[in-house]
Amino acid sequence: MTNRYETRFSQLKASGEKAFIPFTLLGWPNRRNSLQIIQAMIESGAAALELGLAFSDPIADGPTIQKAAFETLASGFKVSDALELIREVRKIDEQIPIGLLVYYNMVLAKGPEQFFAGVAEAGVDGVLIADLPVESADELQDAARKAGVEMIFIVSPLTDEHRLAQILQHAGAFLYLVSRLGITGVQERYDSHLKAIVASVHKTSHLPVCVGFGVSTPEQAHSMLELGADGVITGSRIIEIVSETGSEFNLQNLKDYLNSMVNSVQLTAVD
Amino acid sequence: MRTLGKFGAFGGVYVPESLMPALAELEEAFLNSVDDRTFQQKLNDLLTNYAGRPTPLYHASNLSDQWGAEIFLKREDLLHGGAHKTNNAIGQALLAKSMGKTRVIAETGAGQHGVATAMAGALLGLTTEVYMGEVDMERQKPNVFRMRLLGATVHPVTAGGKTLKDAINDALRDWISNLANTHYLLGTAAGPHPFPTLVKYFQSVIGQEAKDSFQQNHHKLPDYVLACIGGGSNAIGIFSAFIDEPSVKLIGVEPAGKGLETHEHGAVLAKGSIGVLHGMKSMVLQDEDGQIHETYSVAAGLDYPSVGPEHAFLKESGRASYESATDQEALQAFHELCRLEGIIPALESAHALAFAKKLAAGSGAGKSILINLSGRGDKDLQQVMAQ
């Protein structure tokens with residue numbers, strides 16, 4: 001069965017385009033606005049979506065996403081509400097690949113089979129578990145496969161070739177390359193050997209490579225794609241922009257930002 | 001990594017990919033240190049001449065008369081720094097040096113591990129930064145002052161319940177961002193492999209000494225060994241020498257806070273379910289979505305929603321049993337030790353004392369009960385006087 005990621009990335013490849021993948025947290029700042037944010041992402045021309053489930057102890061996330069997660073949990077938003085929201089996103093766009101970003105305890109709490117079956121039914125195509133290294137991926141591989149959900153893995157600038165090969169054996173959808181060491185957040189610091197890693201992945205695998213963590217401006221997106229990446233992922237900056245609008249929810253700033261990112265990605269593709 | 005550090009179904013390595021190289025580096029350094037004579041000599045020298053090991057094994061005869069069992073206290077409260085935490089802090093600080101790290105970070109609940117890390121940092125010339133929940137900074141003020149006096153920077157943690165769990169989250173984030181020069185000097189036998197194994201290794205000196213002194217002085221083994229359980233490092237340290245002695249009953253004592261029937265406790269093994277937090281699979285207090293509960297205990301060092309994975313395994317295998325003591329029971333035992341023996345215990349350790357009293361009044365009557373008095377109570381005076 002061809003999944004939505006494969007379909008979307010091969011379309012992009014055929015037309016020489018790169019992927020812009022925005023991230024937001026499901027249910028933040030509230031259910032209605034969250035759906036509006038995701039709709040704006042789709043309308044801006046996002047190639048795929050990364051949607052996060054709020055977790056009480058998000059050790060891989062910086063203060064921006066952590067704060068949003070706490071606010072979401074404090075509002076009483078549950079995993080079942082998140083799945084309901086994903087179903088609505090699916091109604092808006094049948095084709096867009098949807099990746100879910102979670103922490104392992106949330107998978108264990110439901111039980112892997114039930115978790116993957118539940119997210120697949122809601123319309124999720126891939127799951128990235130922020131705190132599940134490839135060594136322990138076997139614990140979930142069967143449940144994911146059975147539900148037809150791809151496992152998405154992270155590669156860091158410190159991942160050596162042996163680990164990379166191991167990760168590529170388990171990885172589906174696309175490879176998530178973190179642009180720098182550290183947690184999610186807006187920073188201007190890039191590792192010089194990203195280019196080598198991208199090249200190495202392209203040499204040994206068919207998986208697209210998308211770069212995230214600290215890719216927050218059109219210029220940064222452009223430079224990541226120049227390194228040979230197939231796409232960029234932006235998260236914290238989106239949450240920040242929505243936060244900056246204050247108590248009155250205003251989509252316009254976000255739409256402007258999304259458009260600037262999409263333009264930058266498209267511009268790079270034409271180069 | 002060489003292994004995933006499993007204890008049955010528990011333990012393992014559940015961390016972001018960025019941390020994997022650091023854990024592999026630490027595992028390597030730890031395994032090398034075990035066989036490295038120079039390292040071991042340095043460690044033993046510091047434990048003896050700097051920290052004051054061995055600590056006494058004290059027969060508390062007044063308490064024994066009052067409670068109706070033979071009560072023995074392993075006096076980790078007399079260790080430099082005032083708690084067992086020094087054993088691990090010195091060991092890991094030496095590991096950090098061997099890896100060429102120049103900076104150590106730590107989480108702390110009661111502040112004892114923060115103090116121990118600050119001492120080791122000062123001694124070995126390592127920049128030391130400690131994450132501590134705001135709630136804990138308030139209730140353990142003297143330890144905040146001590147850390148600062150020792151040259152450490154204390155970062156208040158304002159997220160979540162502002163206690164130990166949140167301090168660990170922030171320390172992990174710091175580590176992920178500063179791997180090159182920084183060692184995360186984790187304070188308890190929890191977290192991702194190799195921490196549960198290496199912290200147990202550095203704390204096992206408690207059990208070895210206690211067993212040796214007990215056998216020398218009494219020509220037998222104790223009937224019971226008791227210790228309080230937060231993350232579980234003092235308990236695994238004293239249990240370690242007795243795990244293979246089937247006649248010795250091992251009992252860990254968790255904080256029941258305001259009662260197990262309330263939500264305000266930290267009795268993870270009594271009330272938790274299997275989960276993954278802070279890089280390990282263990283028992284966790286959580287809701288049906290896997291969100292981690294905030295815990296409560298009068299003792300900041302026990303206020304933690306998970307537990308070291310080896311304790312989860314020892315419970316499951318039946319080798320150790322786990323009981324609990326409420327705030328009130330711990331406070332009562334605290335006062336009894338003060339009045340009867342002239343020893344002011346840490347509120348954490350008072351939980352183990354409180355259950356020993358119950359045990360002595362029941363099936364443990366007349367038996368020998370060895371309790372790890374893991375720390376002294378100077379840090380708790382403000383809190384106890386306010387009660």
Side-chain angles (χ1 to χ4, degrees), chain A residues 53-63 66-67 69-70 72-74 77-82 102-111 115 128-136 139 153-160 163-164 166-167 175-178 180-185 187 189 213, chain B residues 1-6 9 11-25 157-161 165-180 182 191-193 273-282 284-294 305-306:
Chain A
L53 290 182
F55 180 52
S56 57
D57 295 84
I59 56 165
D61 287 302
Q66 186 189 10
K67 183 165 175 284
F70 289 165
T72 304
L73 292 175
F77 194 82
K78 310 284 285 181
V79 171
S80 54
D81 298 316
V102 304
Y103 285 83
Y104 190 24
N105 200 49
M106 306 188 72
V107 180
L108 281 181
K110 300 287 172 193
F115 180 88
L128 193 166
I129 300 165
D131 53 352
L132 185 77
V134 69
E135 283 83 351
S136 303
E139 294 177 24
F153 282 88
I154 283 192
V155 169
S156 99
L158 292 183
T159 305
D160 63 28
R163 286 187 64 76
L164 182 60
Q166 214 181 342
I167 288 168
L175 212 56
Y176 191 131
L177 176 61
V178 298
R180 58 174 170 77
L181 299 178
I183 48 184
T184 59
Q187 267 192 32
R189 214 173 77 199
F213 280 38
Chain B
M1 301 185 81
R2 306 262 193 98
T3 82
L4 293 180
K6 290 279 190 151
V13 182
Y14 301 94
V15 297
E17 174 64 21
S18 309
L19 264 188
M20 291 305 293
L23 292 171
E25 180 189 19
V157 176
T158 56
K165 168 181 82 104
D166 314 289
I168 296 178
N169 287 339
D170 272 8
L172 281 169
R173 290 190 185 100
D174 181 317
W175 200 27
I176 296 173
S177 309
N178 298 291
L179 293 175
T182 300
H193 175 70
S273 52
I274 195 162
V276 164
L277 177 69
H278 296 149
M280 63 177 165
K281 193 178 280 182
S282 185
V284 179
L285 291 170
Q286 58 184 327
D287 72 9
E288 73 279 6
D289 275 356
Q291 309 295 350
I292 309 300
H293 281 159
E294 281 165 21
S306 187

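This one's a predicted model, so the numbers in the text were calculated from it and none came from an experiment. Only heavy atoms go into these numbers, but all of them, side chains included; no hydrogens, no water, no symmetry mates.
Both the backbone and the side chain of B:I292 come within contact range of chain A, judged by heavy atoms closer than 4.5 Å. A:A54 touches chain B through its backbone: at least one of N, CA, C or O sits under 4.5 Å from a heavy atom, while the side chain does not. Neither the backbone nor the side chain of A:L53 comes within less than 4.5 Å of any heavy atom of chain B. Within the 4.5 angstrom heavy-atom criterion, atoms from both the backbone and the side chain of A:I154 approach chain B. With a 4.5 Å cut-off on non-hydrogen atoms, A:V107 does not touch chain B at all. The parts of B:Q291 that come within reach of chain A are both its backbone and its side chain, each placing non-hydrogen atoms under 4.5 angstrom from that chain. For B:P16, the parts lying under 4.5 angstrom from a heavy atom of chain A are both the backbone and the side chain. With a threshold of 4.5 angstrom between heavy atoms, A:I167 approaches chain B through side-chain atoms but not through N, CA, C or O. Only the side chain of B:L277 comes within less than 4.5 Å of a heavy atom of chain A; its backbone N, CA, C and O stay farther away. With a threshold of 4.5 angstrom between heavy atoms, A:F70 approaches chain B through side-chain atoms but not through N, CA, C or O.
For the atom pair NZ (B:K6) and OG (A:S136), the distance works out to 6.0 Å, reported to the nearest 0.5 Å. With values rounded to the nearest 0.5 angstrom, A:D131 atom CG is found 10.5 Å from B:H278 atom NE2. Taking CD1 from A:I59 and OH from B:Y14, the interatomic distance works out to 13.5 Å, rounded to the nearest 0.5 Å.
Of the listed residues (A:M106, A:R163, A:K110), the greatest number of heavy-atom pairs within a distance under 4.5 Å of chain B belongs to A:R163. For the set B:N169, B:D287, B:V284, the entry with the most heavy-atom pairs within less than 4.5 Å of chain A is B:N169.
Residues B:R173 and A:D61 share a closest heavy-atom pair of NE-O, 2.7 Å. Across all their heavy atoms, B:E17 and A:S156 have their closest contact at CG-N, 4.0 Å. Shown here for B:V15 and A:P133, the closest heavy-atom pair between the two residues is O-CD, 3.6 Å.
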Practice problem: Apply side chain to side chain contact (heavy atoms under 4.5 Å, CB included) to the pair A:E135 and B:L4, showing each step before the final yes or no. | Solution: CA-CA 8 Å; A:E135 283 83 351; B:L4 293 180; 3.9 Å; yes
Practice problem: Kindly determine whether B:K281 and A:E139 satisfy side chain to side chain contact (heavy atoms under 4.5 Å, CB included), including the steps that lead there. | Solution: CA-CA 12 Å; B:K281 193 178 280 182; A:E139 294 177 24; 2.9 Å; yes
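When the shell of 6.0 Å around NZ of A:K67 is examined, it contains 12 or fewer heavy atoms from other residues, nucleotides or ligands.
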